[in-house]
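Let me begin by presenting the structure, written as structure tokens, before commenting on it.
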Amino acid sequence: METIPLLEGKHIVLGVTGGIAAYKSCALASQLTQAGAHVDVVMTEAACRFVAPLTFEALTGRPAYTSMWQRAQGGLPTHIAHVGLGHAADLLVVAPATANTIAKLAGGLADDLLSTLALAARCPLVLAPAMDVGMWSHEATQRNVDVLRARGVHVAGPARGRMASGLEGDGRLLEPEEIFGHVRLVLSEERHYTRMGVLVTAGP
């Protein structure tokens, strides 16, 4: 993939939460990096049970953060570095976004690095939900999603299909290429292209 001017040099924080769909985030991190973005991956404890932080480090060439407190591998250089990480971001993407993480963000909780960073960030937020059918359709989850949408959060998906449980329905994480498209859309809107008038005249 060639670099894309819209993404070149952009600082994107990719939040990865615990779910089998976390493996798709590896392809997304790679695509964003190849497009020219600087990708910092922030993983929840549960996410590390599905994908190793080293995988993201190899794909992005940057550290993968897993803790606010640990100073060794996977930790931040200082206990307040999440503020700088959040403020420097041009976009925060959470993919996959589990029901638990969506509930945290809707309620303003900050009990791990990702949720704390999300509160500190001042950039647009893209959520790509991924969970089982019943969890996505549950009234509590739908109410939390509505709260986040009302705050201007961009919700990408979920898709319909077969789940790891064997059930069919809404709740699958979008494919990395589709999430990549949502990233481009949100970043282009930040450049206010949607507020520009375009005149098309006749001609060959």
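We're numbering straight along the sequence, starting at 1. Atoms considered below: every heavy atom in the structure, side chains included; atoms not considered: hydrogens, waters and symmetry mates.
- Scanning all heavy atoms of the two residues, the minimum distance from I179 to A128 falls at CD1-CB, 4.0 Å.
- Proximity of L92 to C123: side-chain heavy atoms (C-beta onward) are separated by under 4.5 Å at one or more points.
- The backbone N or O of E139 lies less than 3.5 Å from no partner atom in the side chain of Q142, so there is not a single donor-acceptor pair.
- For the residue pair D112 and S115, a side-chain donor N or O sits within less than 3.5 Å of a side-chain acceptor on the partner.
- Listed for the S137 side chain is a donor-acceptor partner under 3.5 Å among the backbone atoms of V133.
- For CD of E177, the number of neighbouring non-hydrogen atoms (other residues, nucleotides, ligands) closer than 6.0 Å is greater than 12.
- The local environment of CZ in R149 is crowded, with over 12 non-hydrogen atoms from other residues, nucleotides or ligands closer than 6.0 Å.
- Across all non-hydrogen atoms, the minimal contact from L173 to A21 is CD2-O, 3.6 Å.
- The line from OG1 of T66 to CG of L114 is 12.0 Å long, rounded to the nearest 0.5 Å.
- Side chain of S25 to main chain of A95: a donor-acceptor pair is present (N/O by atom type, distance under 3.5 Å, no hydrogens or angles).
- For the pair L119 and R122, the tightest heavy-atom approach, listed with the atom from each and the gap, is O-NH1, 3.0 Å.
- Screening D40, T60, L28, V94 for a side-chain contact (heavy atoms from CB on, under 4.5 Å) with L14, the sole residue that qualifies is L28.
- Checked by atom type and distance alone, the side chain of R151 pairs as donor or acceptor with a backbone atom of A106 at under 3.5 Å.
- Note: Y65 OH to L85 CG = 6.0 Å, rounded to the nearest 0.5 Å.
- Checking side-chain atoms of E2 against main-chain N and O of A35 turns up no donor-acceptor pair under 3.5 Å.
- At least one donor-acceptor pair under 3.5 Å links the side chain of T17 to the backbone N or O of P96.
- Applying the 6.0 Å contact sphere to CD of E168 captures more than 12 heavy atoms from other residues, nucleotides or ligands.
- A 6.0 Å sphere centred on NE2 of H87 holds more than 12 heavy atoms belonging to other residues, nucleotides or ligands.
- When all heavy atoms are compared, the tightest approach of G18 to T98 is O-CG2, 3.0 Å.
- Put simply, the side chain of R160 never gets that close to the backbone of G171: no donor and acceptor are under 3.5 Å apart.
- Under a 3.5 Å cut-off, the side chain of H11 and the backbone N or O of A88 do form a donor-acceptor pair.
- In this structure, W136 CH2 and T141 OG1 are separated by 7.5 Å, a value rounded to the nearest 0.5 Å.
- The pair R62-E57 does not meet the salt-bridge criterion, since no charged nitrogen lies less than 4.0 angstrom from a carboxylate oxygen.
- Between the side chain of S30 and the main chain of C26, no donor-acceptor pair closer than 3.5 Å is present.
- A distance-only check finds no donor-acceptor pair linking the side chain of T101 to the backbone of A97 [under 3.5 Å].
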